[in-house]
Each structure stands twice: as structure tokens, then as C-alpha cells.
Amino acid sequence: MPDEIALLREEVCCLRRDLDLVLRLLNQVDDPPDNPRSKALKLFADRVLIQEPSGHIPVWVCAEEAAAGIYLHDREHRPRAVFTTDGERASFELRNAAGKVVISLTEAADGSGQIYVAEAGGQPRAGLRVHEGVGLVNVVGEMGPALAMLRGDPQGGEIFVARPGAKPGVTIKALPTGGVITIFEPSGQVMGFFSANTDHGVLSVYGPHGSMAASLTADDDGGSVVLFDVDGKAKDPLP
């Protein structure tokens, strides 16, 4: 009997010691009647690891000075999803097996949101963001400049398609009264222009030196075709 009492005392002592450790981690050591322990869970640790029964640790929660992060790891212990904050802005990243960020969701410097999608090597190839109150969707080439852009604002939407080197190729723009399509040659010079609204439509073709070569116009009175010489002077319109 005395041995059993001694064992019980030793077990109670161990339990109290373990409870004291847990309470210190939770910052809930004292429990005075006038200031009961908080029901909120508080952990005072710079890293919390959540482990599976197999021993794999898929979740890390880290806290540093003015920063924090949640890291989700795959079976090879590589971080594949990362949610972090530096105290001012938060960001969410998806990474591939090579550790390259392939999707990033962040807050821009002006407080708006932005998303980019990257190729396997981590080079951004498509993006979605807001700039000065205007929504933008970009498709980026291998060297960086945007090859295509979709822009929207209260006046209408615009599509911009560029050649390598950011030279414009085609633009499509919607206006409150109609729409405009502009086609450029490799140097950036306008070669074709198509505009339409509720009153009339115009199709214009330009020569290699920038002068108008032909114009097709239609309105309520009918249509007309005007041809121009190499100096840009109009000839008699066709019937």
C-alpha cells in the first residue's frame, strides 16, 4: 500500500509539472478569481508543427518579429503553399516541386490586389491587377514585355496585342458611341483603321509612308470609296 501511494504521488507530481509547462506556453499560469484565465488559446512559440501519425509534418506555423507565415509541405518536405505577412501586407504563393513560385496573390503598393501566374521556371507569364482604378489582364513574353493586354475602365474595354519588343500589332477599343480597331505594321506605323458608331462606319488603309491609301465609308446616305495617290491626295470617289 505505501508503494502505491508513493507511485500516485509521483504521478500527480509529473502531471502538475506537465500542466505548469502547458500553462506557461499558454501564458495562463495564474488564475485569480478576479481575473480568470482567458478562453482564447495563446501559444508562445516561434514555430508550431502539426505532425501526422506517420511522422510527416505537412503544416508549419511560424512567427517572427512583425512577421508570420503558414507553410504547407508535400511528402518530400518541400513548401508548396505559403501564406505570409510582414506586418503590413500579406501574400499567398503556390510553388512547384522545384521551389519556383508559379502562382502569387499579393497586395500592390497602392493597396490594390494583383495575381500573376508563372511558367515552371518561375518567370511570370500572365497577370491580373488593378492600376489607378482600372482592371488589367496581361500576357507576358519570355523576355518580359507584355504581348497582350486586356484593359477595362468606365469608358469601355481595350485589347492590345503586341509584337516581340512591345511594338503594337492590333488594338481593339470600345467607346461609349462605338468601337475602333487599329492595325499596325512591324515598325509601329498604323496601316489599317476600322471605326464604327451609331451614325457611320469607316474602314481606312494606309500606305507604307503613313499616308492614307483607301477609305471606305458608310452612313445613312449610303456608302462611298475614296482612293488616294502616293502623296495622300484624294481621287474622285467611286460611285
Side-chain angles (χ1 to χ4, degrees), residues 66-72 74 78-206 210 216 218:
I70 300 175
Y71 301 81
L72 305 183
D74 61 15
R78 297 170 298 201
R80 303 301 292 270
V82 179
F83 179 48
T84 58
T85 176
D86 59 4
E88 295 182 359
R89 289 186 220 132
S91 65
F92 178 73
E93 298 176 348
L94 294 181
R95 303 178 181 178
N96 60 16
K100 302 296 184 179
V101 178
V102 292
I103 296 179
S104 175
L105 172 62
T106 60
E107 177 188 349
D110 61 359
S112 61
Q114 58 184 7
I115 301 173
Y116 78 75
V117 180
E119 62 184 8
Q123 176 68 27
R125 299 301 295 271
L128 171 64
R129 64 166 301 185
V130 176
H131 179 65
E132 296 181 353
V134 177
L136 299 174
V137 179
N138 294 325
V139 178
V140 183
E142 294 182 0
M143 303 305 294
L147 293 180
M149 179 183 70
L150 173 62
R151 178 180 181 271
D153 61 35
Q155 297 299 317
E158 182 176 8
I159 298 175
F160 174 86
V161 182
R163 295 183 175 86
K167 295 293 182 64
V170 179
T171 62
I172 303 175
K173 184 175 180 59
L175 302 172
T177 58
V180 177
I181 299 176
T182 308
I183 302 174
F184 304 83
E185 54 94 37
S187 69
Q189 177 182 308
V190 175
M191 295 295 290
F193 181 85
F194 178 43
S195 172
N197 56 36
T198 56
D199 297 326
H200 65 274
V202 178
L203 174 61
S204 301
V205 179
Y206 294 82
L216 173 63

Practice task
Could you walk me through whether Val134 and Arg151 pass side-chain contact (heavy atoms from CB on, under 4.5 Å), step by step?
Solution key: CA-CA 7 Å; Val134 177; Arg151 178 180 181 271; 3.5 Å; yes
Exercise for the section: Heavy atoms only: give me the nearest Ser91-Phe83 pair and the separation to one decimal. Expected result: O-CD1, 3.3 Å
Exercise for the section: Take Thr171 and Lys173, measure what side-chain contact (heavy atoms from CB on, under 4.5 Å) needs, and give me the verdict at the end. Expected result: CA-CA 6 Å; Thr171 62; Lys173 184 175 180 59; 6.0 Å; no
Problem - Which atom of Val170 lies closest to which atom of Phe184, heavy atoms considered - result: N-CD1, 4.2 Å
Fill in the blank from the handout: Heavy-atom nearest pair, Pro168 first then Phe160, reads CB-CE1, 3.7 Å
Fill in the blank from the handout: dist Leu150:CG -> Glu158:CD (nearest 0.5 Å) comes out at 9.5 Å
Exercise for the section: Examine distances only and state if a side-chain atom of Arg80 and a backbone atom of Arg95 form a donor-acceptor pair shorter than 3.5 Å. Expected result: yes
Problem - Glu107 to Glu88 - nearest heavy-atom pair and separation - result: OE1-O, 4.2 Å
Exercise for the section: Mark yes or no for whether Asn96, through its side chain, and Ala98, through its backbone, hold a donor-acceptor pair below 3.5 Å. Expected result: yes
Practice task
Take Tyr71 and Thr84 through the side-chain contact (heavy atoms from CB on, under 4.5 Å) test and state the conclusion after the steps.
Solution key: CA-CA 8 Å; Tyr71 301 81; Thr84 58; 3.8 Å; yes
Handout entry: Ile181 CD1 to Ile172 CD1 distance, which is reported to the nearest 0.5 Å
Key = 5.0 Å
Practice task
Apply side-chain contact (heavy atoms from CB on, under 4.5 Å) to the pair Leu175 and Val180, showing each step before the final yes or no.
Solution key: CA-CA 8 Å; Leu175 302 172; Val180 177; 4.0 Å; yes
Completion exercise
Rounding to 0.5 Å, atoms CG (Leu105) and CD (Gln114) come to a distance of 9.0 Å
Problem - Matching residue for Phe194 among Leu203, Leu216, Val205 - test: side chain to side chain contact (heavy atoms under 4.5 Å, CB included) - result: Leu203
Exercise for the section: Examine the side chains of Ser104 and Glu93 and answer whether a donor and an acceptor come within less than 3.5 Å of each other. Expected result: no
Handout entry: Distance in Å, Thr177 OG1 paired with Asn197 CG, rounded so as to fall on 0.5 Å steps
Key = 5.0 Å
Exercise for the section: Would you confirm whether Arg125, through its side chain, and Val140, through its main-chain N or O, come within 3.5 Å as a donor-acceptor pair? Expected result: yes
Completion exercise
When every non-hydrogen atom of Val102 is compared with those of Glu119, the smallest separation belongs to CG1-O, 3.8 Å
Completion exercise
OG (Ser112) and CZ (Arg129) are apart, to the nearest 0.5 Å, by 5.5 Å
Handout entry: Atom NE2 of His200: over 12 foreign heavy atoms under 6.0 Å
Key = yes
Handout entry: Separation of Tyr206 OH from Ile183 CD1 (nearest 0.5 Å)
Key = 12.0 Å
